[in-house]
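Contents: one structure, followed by commentary.
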Amino acid sequence: MVKKVFLVIISVLFFSGTAQEKITIKSSPKLVVGIVVDQMRYDYLTRFYNRFGEGGFKRLMSEGFNCKNNHFNYVPTYTGPGHASVYTGTTPQNHGVISNHWYDKFSKKMVYCASDASVKVVGSMSELEKMSPHRMKTTTVSDQNRLHTQFKGKTIGIAIKDRGAILPAGHTANGAYWFRGKDEGKWITSTYYRTELPDWVKKFNESGKAQSYFKEWNTLYDIKTYVESGEDENTFEGGYIGKETATFPYDLSKLKDQNSGYDIIKSSAFGNSLTADFAIASIEGEQLGSDEVTDFLTVSFSSTDYVGHNFGVNSKEIQDTYLRLDKDLERFLNALDQKVGKGQYTLFLTADHGAVHVPAYLKSVKIPSGYFDSHAFRSKVETFVKSVFNVDGLIENISSNQVFFNYDVLTKNSINSEDLQKAIAHFVLQEDQIDKVFTRIQLESSNYTSGIAALVQKGFNQKRSGDVVIVLDPATIMYSTKGSSHGSGLPYDTHVPLLFFGQGIKKGSTTQETHITDIAPTISALLGIAFPNGATGDVLPFVLH
């Protein structure tokens, strides 16, 4: 049974003639589109604003609502936790996705946020693509829409990265599709969703669309006009294997064999174009927004992250990637207008994290920054612990800025966990490049309400996180000396766009602080559905009509 809707009839008089046009607007949108741009700093909107066209980012900003002071309210700021937090309306403290990869204390091994050995791959021969959302502990807003509509409303998730497709789509999605590169160049899924690719996906894979992007990547406009970015040739960028300099142009057809085949498309601006192509195909292929029951389409543009990691925040490559993404957004919005209808869908756009300027570049302009040697750090901590407690094996793992204890060894040697936490915290805080340290006992017994401490606490999952958490100095990263990274609780990583657009959304902007966890409750309120079951964010009433 189609759910009841209230209709509002608006008559618009065009003064150039006598005809009146009646526009019908539903109380609930036919389709909700969630867009996450991987590794997008807020200042990309302002830095490149004058270079954008009228139909992409500018359209969302001028016709929608711009939350200019939107932040992640936890650390770590990585892709997996970011996508989960956007759609669950809560932080890793509750949804459990504490990193992209983390040490699992129960299986005694590293796990990936979307890996699932219990499923099979659909559409690829690779055994590495067994994926599902089973590690995410709470529901998403897309799950709640499925429940509310008695599973009549569809959910489809799309991204180059598997985690960018899977986590937003939630546990009840009709499908999540990600791109298998290497020598395949196909959109794939897993048996968590279905046993065979739908015909529209097969047709897309057979179309040669992915292969068409094995072409020259040059700047969209004259490179001399890219004055918003640094010099094209510098010492702060990675580039591609087979090309001596990280400078335009890049012949992807010639470079592909040395750069993992189709993976070079993922790590260029064209990966976003391919994502837009596939997302547009999904609207018709899945008949999204074709009836009165609200559907969900979650789209993550992953290639911005690959380009940012490779070339850095200040590169010509990242600027060209965003100028091209602007064109792809315009194309996508036009397709939504045509296939779903203007005023019939609601859309939000945000990011899963920002990024820091390349520390080597910051050093060159006298801004404090650096690189942290995690291997040397682990060796120092293990040597210290052995010298104080005279026991081997107390430290089980050090990863994701966390120290994990081996509780079997602690128990066997009658060592108190709190004593070990305090000893390590005191030692670590004396080390260069360590800004702050928090112990498990602090995070479990205190209630931090502001500053980095509050962000660490919201990212700390009692069951999955470690026993000591370290915070590095500003602009200090565990990464190569070329390219950008992210993960901190500082503004360059937490300050990301949040744009609302379409049905039920006011036009305007605010500089009031908003949080990434506010998105899912706000969309839930718009739809009149239950909030995700772990939601801790707030509804943003100033965004909604």
Side-chain angles (χ1 to χ4, degrees), residues 28-29 32-36 65 67 69-98 113 133-149 151 153 155 157 163-164 166-173 294 296-298 300 346-353 447-449 454-465 494 496 498-500 504-505 510 512-544:
S28 292
V32 174
V33 181
I35 297 176
V36 176
F65 199 96
C67 297
N69 190 20
N70 183 62
H71 290 265
F72 280 86
N73 57 344
Y74 67 87
V75 288
T77 42
Y78 294 134
T79 298
H83 282 79
S85 298
V86 167
Y87 286 89
T88 63
T90 192
T91 69
Q93 185 180 57
N94 299 307
H95 62 59
V97 182
I98 62 173
C113 64
H134 79 109
R135 297 190 195 279
M136 184 170 61
K137 300 172 72 173
T138 60
T139 63
T140 62
V141 61
S142 44
D143 283 325
Q144 296 302 150
N145 185 67
R146 291 274 285 157
L147 291 167
H148 185 82
T149 62
F151 296 90
T155 297
R163 58 190 181 271
I166 290 167
L167 298 175
H171 302 278
T172 61
T294 301
F296 254 86
L297 174 60
T298 72
S300 181
T346 303
L347 179 149
F348 67 83
L349 182 147
T350 188
D352 57 348
H353 53 74
N447 181 27
Y448 298 106
T449 58
L455 273 62
V456 170
Q457 191 168 52
K458 287 185 173 68
F460 183 86
N461 185 273
Q462 200 171 29
K463 192 168 184 176
R464 293 180 174 177
S465 295
T494 67
V496 297
L498 177 53
L499 305 173
F500 291 94
I505 304 299
T510 184
Q512 176 180 327
E513 183 170 343
T514 60
H515 298 127
I516 210 76
T517 51
D518 299 335
I519 298 171
T522 301
I523 295 297
S524 297
L526 172 71
L527 299 180
I529 64 176
F531 290 9
N533 63 15
T536 53
D538 298 319
V539 175
L540 304 177
F542 45 81
V543 165
L544 303 175

> Are the side chain of Y74 and the backbone N or O of Q93 linked by a donor-acceptor pair below 3.5 Å?
Replying inline: no

> Do T346 and F500 touch side chain to side chain, with heavy atoms closer than 4.5 Å?
Replying inline: no

> What are the two closest non-hydrogen atoms of G157 and T298, and how far apart are they?
Replying inline: CA-OG1, 3.1 Å

> Can you tell me if N461 uses its side chain to pair, donor with acceptor, with the backbone of P92 under 3.5 Å?
Replying inline: yes

>> What's the separation between atom OH in Y78 and atom CZ in R163, rounded to the nearest 0.5 Å?
In response: 11.5 Å

>> Rounded to the nearest 0.5 Å, what separates atom NZ in K458 from atom OG in S85?
In response: 12.0 Å

> Would you say the side chain of T155 lies within less than 4.5 Å of the side chain of T172, judging by non-hydrogen atoms?
Replying inline: no

>> Just to verify, what does L499 make a side chain to side chain contact (heavy atoms under 4.5 Å, CB included) with, not counting sequence neighbours?
In response: L45, L60, M61, N66, L349

> Do L544 and I505 come close enough that some side-chain heavy atom pair is under 4.5 Å?
Replying inline: yes

> Taking it one step at a time, do F348 and Y87 satisfy ring-ring contact (aromatic ring centres under 6.0 Å, His included)?
Replying inline: CA-CA 11 Å; F348 67 83; Y87 286 89; 5.7 Å; yes

> Considering only heavy atoms from C-beta outward, does the side chain of M136 approach that of H171 to under 4.5 Å?
Replying inline: yes

> Can you list the steps and then say if H353 with T79 is a side chain to side chain contact (heavy atoms under 4.5 Å, CB included)?
Replying inline: CA-CA 7 Å; H353 53 74; T79 298; 3.3 Å; yes

> Going through the checks in order, is the side chain to side chain donor-acceptor pair (under 3.5 Å) test met by D143 and T140?
Replying inline: CA-CA 5 Å; D143 283 325; T140 62; 3.2 Å; yes

>> I want to check something: taking the side chain as every heavy atom from C-beta on, are Q457 and N447 in contact at a cut-off of under 4.5 Å?
In response: yes

>> Between N145 (side chain only) and T294 (backbone N and O only), is there a donor and an acceptor less than 3.5 Å apart?
In response: yes

>> Once rounded to the nearest 0.5 Å, what's the spacing between atom OG of S300 and atom NE2 of H83?
In response: 3.0 Å

> For the residue pair K137 and G96, what are the closest heavy atoms and their distance?
Replying inline: CD-CA, 4.0 Å

Would you be so kind as to tabulate the donor-acceptor pairs closer than 3.5 Å made by side chains of residues 525-543, with sequence neighbours excluded?
| residue | atom | partner | partner atom | Å |
| --- | --- | --- | --- | --- |
| N533 | OD1 | T139 | N | 3.0 |
| T536 | OG1 | T90 | OG1 | 3.1 |

> Who pairs with T517 by side chain to side chain contact (heavy atoms under 4.5 Å, CB included), at least two apart in sequence or on another chain?
Replying inline: N73, T91, H515

> Step by step, would you call N69 with T510 a side chain to side chain contact (heavy atoms under 4.5 Å, CB included)?
Replying inline: CA-CA 7 Å; N69 190 20; T510 184; over 6 Å; no

>> Once rounded to the nearest 0.5 Å, what's the spacing between atom CZ of F296 and atom CD1 of I523?
In response: 6.5 Å

> At their closest point, which heavy atom of I98 faces which heavy atom of P81, and how far apart are they?
Replying inline: C-CG, 3.9 Å

> What's the spacing between L167 CG and D352 CG if we round to 0.5 Å?
Replying inline: 10.5 Å

> If every non-hydrogen atom of G89 is compared with every non-hydrogen atom of P521, which pair is closest and at what distance?
Replying inline: CA-CD, 4.1 Å

> Between R135 and R464, what is the shortest heavy-atom contact and its length?
Replying inline: O-NH1, 2.8 Å

> If you round to the nearest 0.5 Å, how far is CG of L147 from OG of S142?
Replying inline: 10.0 Å

